[in-house]
Trainee: 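The structure's right below; bear with me while I get my questions together.
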Amino acid sequence: MQAGHNQEKTVMRAPETILGLESSCDDTAAAVVRRLPDGTGAVLSSVVVGQNDLHAAFGGVVPEIAARAHAEKLDHCVEQALTQAKMQLSEVDAIAVTAGPGLIGGVVSGVMCAKGLAAATGKPLYGVNHLAGHALTPRLTDNVPYPYLMLLVSGGHCQFLLVSGPDDFTRLGGTIDDAPGEAFDKVARLISLSQPGGPAIEQAALSGDPARFAFPRPLMDRAGCDMSFSGLKTAVLRARDTLVSAQSGLTQQDQADLAAGFQAAVVDVLAGKTRRALAEVADVQTICVAGGVAANKAIRTVLETVSQDANVTFLAPPLGLCTDNAAMIAYAAAEQATLREPDDMTLSARPRWPLDKRQPGMLGSGKKGAKA
Ligand code: KG4
Ligand code: ZN
């Protein structure tokens with residue numbers, strides 16, 4: 001029996017406590033997450049340092065400025081994340097890092113930093129798809145059983161995903177042009193509201209008449225779950241120009257009505273396409289949202305209604321885990337580590353990295369990087 005014992009293979013234990021790094025857009029982040037026996041994650045720390053001030057003067061994220069800021073701030077974020085988790089680097093089981101998709105300079109900064117940490121400590125290294133991080137967040141917070149539907153809506157992303165496993169994603173559809181957050185930001189700029197546009201439009205819309213302008217509901221007449229927000233933005237631009245040329249400016253009520261009309265159109269499109277997505281998938285008990293746009297109350301309310309009508313549970317993770325963060329990257333690595341070996345030092349940064357391996361990625365780039 002001694003021989004049999006000797007033949008037993010050593011099964012690699014999936015890492016439990018992971019240091020995650022995120023730098024694919026305009027937030028530099030580090031976090032320590034422990035995967036608990038029940039499958040959820042305990043976020044021991046999550047540090048996010050934004051760059052809004054650095055880009056404010058340029059009306060969008062400037063990739064070179066973003067990359068330099070990430071390179072400068074990553075070390076500090078890692079130190080803070082470890083301090084807040086009351087841990088030494090030597091105590092974590094693995095290093096995880098966003099390896100794409102995103103603005104390439106930032107992704108390279110993160111991958112280089114993670115490789116340095118892994119090489120110095122001998123810890124395993126996991127390159128994670130940023131979108132997988134968002135998509136697996138409902139497992140981190142609530143251990144939502146597979147399969148579930150995920151609607152990702154942020155300044156850079158917009159897609160419906162059927163999440164069937166830690167590395168099993170089916171893309172049901174997404175935007176063919178602007179992401180919704182991008183549209184909120186651009187429309188806010190058009191009607192002289194502050195940035196970020198989402199909260200400003202939501203606030204202005206409270207005192208607006210959503211029916212004053214007949215804005216389009218793009219692609220609602222087309223089958224499937226693809227969406228478009230660029231034409232809607234142009235419709236707002238035209239309405240604004242008509243008002244400006246008739247009365248040489250916008251009143252506060254005009255701003256409110258334009259904001260309310262635009263938001264109502266986005267709400268209708270997201271609701272209609274969510275109904276379609278739910279109709280396309282079977283055996284789904286839960287629909288989840290992630291991304292900054294999920295903060296919008298009108299959007300949350302309509303998604304709750306759509307979910308109730310379809311008899312599925314609606315879940316929106318806490319906002320700090322909905323927007324870009326490194327806890328989701330650490331947790332995604334923990335989930336995926338049960339299925340695959342770590343990466344080695346050939347891990348490279350990928351500007352594009354479609355989650356659904358069966359489908360081509362989206363064309364074009366948003367202001368926050370590749371649409372993946
Ligand atoms: O996920 P996020 O923090 O960053 C990335 O896009 O990566 O999302 C930011 C986006 C911005 O475009 C912002 O205008 C939008 O989310 N946003 C909102 C709201 N709060 C933030 N959009 C609509 N309503 C909101 N309340
Ligand atoms: Zn993101």
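Keep in mind that what you see is a predicted model, and the values were worked out from it rather than measured. Start at 1 and go down the list; that is how both ligands and their atoms are numbered.
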Trainee: Side chain, backbone, both or neither: which applies to N296 and ligand 1 if a contact is any heavy-atom pair less than 4.0 Å apart?
Mentor: both
Trainee: Angle at the Zn ion (ligand 2) between NE2 of H157 and OD1 of D324, to 10°?
Mentor: 160°
Trainee: Just which atoms of ligand 1 are under 4.0 Å from any heavy atom in V293?
Mentor: 15 (C), 16 (O), 18 (C), 22 (N)
Trainee: With a cut-off of 2.8 Å, does H134 put an N/O/S atom close enough to the Zn ion (ligand 2)?
Mentor: yes
Trainee: Could you tell me whether some N/O pair between C322 and ligand 1 is separated by less than 3.5 angstrom?
Mentor: no
Trainee: Could you list all the salt bridge (charged side-chain N to carboxylate O under 4.0 Å, His left out) pairs where at least one residue sits in residues 227-242, not counting sequence neighbours?
Mentor: D178-K233
Trainee: Decide whether D177 and S228 meet the rule of one side-chain donor and one side-chain acceptor closer than 3.5 Å.
Mentor: yes
Trainee: Quick one: does E91's side chain get under 4.5 Å of T17's, heavy atoms only?
Mentor: no
Trainee: Any nitrogen or oxygen of G292, main chain or side chain, under 3.5 Å from a nitrogen or oxygen of ligand 1?
Mentor: yes
Trainee: Only pairs at least two apart or in different chains count here, so list each ring-ring contact (aromatic ring centres under 6.0 Å, His included) that has a residue in residues 166-210.
Mentor: F184-F262
Trainee: Identify, by atom number and element, the atoms of ligand 1 in contact range of D185, meaning under 4.0 Å from any of its heavy atoms.
Mentor: 11 (C), 12 (O), 13 (C), 14 (O)
Trainee: Any side-chain donor paired with an acceptor under 3.5 Å for Q159 and D356?
Mentor: no
Trainee: List ligand 1 atoms under 4.0 Å from G197, heavy atoms only on the residue side.
Mentor: 14 (O)
Trainee: Is there a polar contact, in the sense of an N or O pair closer than 3.5 Å, between T323 and ligand 1?
Mentor: no
Trainee: Got an N/O contact under 3.5 Å between G198 and ligand 1?
Mentor: yes
